[in-house]
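For reference, the structure is listed below as structure tokens.
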Amino acid sequence: MTASVLSNSSEYVYSAIREEDDFAEGLRKQGKQVIKLSSGDPALYFPTPKYIIDAYVEALVNGRTSYSRSQGVLELVDAVIERYRSRYGLSMKEQDVVVTSGVAEALTFLNSALMNAGDTAVILKPYYTQYPVAIKMFGGDFLLGKYDESNDWSIDLDALAKLIRRRRATSKRIKYMIITNPNNPTGTVLPRQALKEVVEMANEHRILLASDEIYDEIVFGGASFTSVGELAKGIPHLILNGASKAFDATGFRIGYVLVPEDDRVSEELKHKLADYCRVRLSSNTPAQYAIASAMNNRMEHQKTVSQMVKAIEGIVESAMKLLEENQCFSTVRPGGAFYIFPRIDMRSLEFKDDMEFVHVLLKEKFIQTTRGSGFGAPNHFRIVALAPRDVMSGCIEKINDFCREHSR
Ligand code: PLP
């Protein structure tokens, strides 16, 4: 037998979010109308705002079509610095900001820059699907903390402290720890106090703390968002964010990493991330100018984003009402992002697991969702709450019918 041409680590490269895409496409080819509630893509349902499209076109017309500054055009870097100053009272310098082709690229750079084979990072389940993949891609491994479903999916701080202490007792290092706020897939906005405790833990155990805040503007129902940057002053940390969600511009592929501190770890990291950017030359040039312009156009942006958030809140509300009628589910109400993550009482249904549940749901009702096990949380499934209210309500009614048809 000849050895595989593939690397060992490529085995981990897989996306549960997109695993049913081909099957859904097949159904569409048969003429079925499949409703996609699996992709966290606001631009599928909320057209990217016109002023952002216009700014993109303007960048093209003005000849912004070459490679650009590898770590990001200064117009965007300055706009990001101003965004963090005005929203969170943080002050940053140009070197603290690194623009990437989405947070997805930032995660790849970060793990490549930090992880040696055998190194460990801490992630919390349910996790965003790319985190474990990006760690494993570079030979690293992860320890799993958890968000606590019985406490509105906030961080299980005791479990996290134990996990870290146990690891530290072996005198092995934890390279970094990443949290997601607001969370994908639970939609939880983490309480400030929980964040404070995580920051303290990271400080006590000298762990670099990363906070993925890509949904920071999508918060509703009285929830209040705190950036880790507000709490981690003087402590090595980094923040991941981008244009995909708050600027409704997923296909632009603009993300950024902020490394606001100047300690040795932070300095090493930001300089190395800049090297990664130089190696891949630049991210999308006209898109950077368009997002810079959108960030600077605060009035227009504020108006657009609040309309979108209000609409999302309405969609979530109507979906939650119908989900609560379903005896097979229990669902923590989200306070941000655009995800709903019901727990499925598997004993009441004739499926063996959440994977079968979402597959048969797609096959029979033409509704595409994502299995919870893909996020490290079996017996759950993720619904993306972006489709218009009536479409969403129709889908949840069908999901409720589906559960009745398949009850044990
Ligand atoms: N981080 C989280 C928590 C996400 O949910 C997503 C996309 O869904 C990403 C990162 C990737 O974002 P980007 O489009 O910036 O690559």
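Numbering of ligands and ligand atoms starts at 1, following listing order.
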Contact check, side chains of V199 and H237, non-hydrogen atoms, under 4.5 Å: no
Proximity to ligand 1 by part of K245, non-hydrogen separation under 4.0 Å: side chain
Residue part near ligand 1, for V103, under 4.0 Å between non-hydrogen atoms: both
Closest approach of any protein heavy atom to atom 11 (C) of ligand 1, naming residue and atom: Y128 OH, 3.6 Å
Shortest protein heavy-atom distance from atom 3 (C) of ligand 1, along with the residue and atom involved: D212 OD2, 3.3 Å
Check: Y128 ring centroid to Y339 ring centroid under 6.0 Å: no
Short N-O contact, K272 and D275, less than 4.0 angstrom: yes
Non-hydrogen side-chain atoms of D21 and Q368 separated by less than 4.5 Å: yes
Ligand-residue contact atoms, ligand 1 with T180, heavy atoms, under 4.0 Å: 3 (C)
Side chain, backbone, both or neither: the part of S244 lying under 4.0 Å from ligand 1 by heavy atom: side chain
Those atoms of ligand 1 less than 4.0 Å from some heavy atom in N184: 4 (C), 5 (O), 8 (O)
Heavy-atom nearest neighbour in the protein, as seen from atom 16 (O) of ligand 1, with distance rounded to 0.1 Å: R253 NH2, 2.7 Å
